[in-house]
Amino acid sequence: MSMLGTYVPGRSPIHRLPAGFKLLALFGSIIAMTLSVHTLLGVAISCACVVATFALAGVGPRQAWPLMRGAVWVVGIVLVMQLIITDWQRAVVVCTVLIAAIALAAVVTLTTRTADMLDAMMKALAPLARFGVRTDLIAMALALTIRSIPLIAEIAVQVDQARRARGLRAGPRVLVVPVVLAALATADGFADTLAARGLD
């Protein structure tokens, strides 16, 4: 999946919201779920809100799944760890909040242009420019980070497919290390591209 090709044009209410509002709502929602969801009832309410957000944005499973599937095995690892150190209800709560956060980030990515994200971030960081901070570079880094999420997810899927093709068992050494190395190589590619265009 192309890093810059995740935006899906549309006229939904979510599409029409300002990029800055969507980013603030995303961060606020993640913080609110993390702090307030502690029961299965809270899990059900959170899931209902996420489903309603997808419906309001006009985003279907086929569009969102490529952005989320790479995180499935990460959630699986978290689930196993939670089952070991806590009970199953706590494990469900933690993993549901994690999946909900990823899903909401997918909605923002699918309904917001990169340029709009960049403009919103630069406006938010504008006061720092008075102190000599290169807000344009910070905004670019944040925008690239957000848009790199689906790319890293795709790398994780490719690594897992290669692991299955070779008949290897899943594990940190087989999955995490190749993903990290591929992500670092991708970051080097971004850096070279930006440097070639005059951005230090």
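None of the values given here were measured: they were computed from a predicted structure.
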Could you give me the CA-CA distance, side-chain angles and deciding distance for Thr96 and Cys47, then say whether side chain to side chain contact (heavy atoms under 4.5 Å, CB included) is met?
CA-CA 8 Å; Thr96 301; Cys47 291; 3.6 Å; yes
Apply side chain to side chain contact (heavy atoms under 4.5 Å, CB included) to Met117 and Val108, showing your working.
CA-CA 10 Å; Met117 286 189 187; Val108 172; 4.0 Å; yes
Please name all residues satisfying side chain to side chain contact (heavy atoms under 4.5 Å, CB included) with Ala64, sequence neighbours left out, ordered by chain then number.
Phe54, Val59, Met68, Leu110
Between Thr112 and His15, is there a side-chain heavy-atom distance shorter than 4.5 Å?
no
For the residue pair Leu125 and Leu128, establish whether any side-chain heavy-atom pair is separated by less than 4.5 Å.
yes
Show the numbers, then the answer: is there a side chain to side chain contact (heavy atoms under 4.5 Å, CB included) between Asp87 and Gln82?
CA-CA 7 Å; Asp87 56 77; Gln82 288 292 319; over 6 Å; no
Do Val94 and Val92 belong together in a cluster built from hydrophobic side chains that touch within less than 4.5 Å?
no
Please check if the side chain of Lys22 supplies one atom and the backbone of Val107 the other of a donor-acceptor pair under 3.5 Å.
no
Leu181 meets the side chain to side chain contact (heavy atoms under 4.5 Å, CB included) criterion, sequence neighbours left out, with Val177
Connecting only ILVMFWY residues whose side-chain heavy atoms lie within less than 4.5 Å of each other, what is the rest of Ile84's hydrophobic cluster?
Val80, Ile85
Looking at every non-hydrogen atom in both residues, tell me the closest pair between Ala57 and Ser12 and how far apart they are.
O-OG, 3.3 Å
With Pro13 via side chain to side chain contact (heavy atoms under 4.5 Å, CB included) - residues at least two apart:
Arg16, Leu56
Could you pull out all residues at least two apart from Arg130 that satisfy side chain to side chain donor-acceptor pair (under 3.5 Å)?
none
Give me the atom names and distance for the closest heavy-atom approach of Val8 to Gln63.
CG1-NE2, 3.4 Å
Going hydrophobic residue to hydrophobic residue with side-chain gaps under 4.5 angstrom, can you get from Ile99 over to Val78?
yes
Shared ILVMFWY cluster between Leu17 and Val50, side chains joined below 4.5 angstrom?
yes
Please tabulate, one pair per line, all N/O donor-acceptor pairs under 3.5 Å involving side-chain atoms of residues 25-44, not counting sequence neighbours.
from	atom 1	to	atom 2	distance (Å)
Ser29	OG	Ala25	O	2.7
Thr34	OG1	Ile30	O	2.7
Ser36	OG	Ala32	O	2.5
His38	NE2	Leu35	O	2.7
Thr39	OG1	Gly42	N	3.2

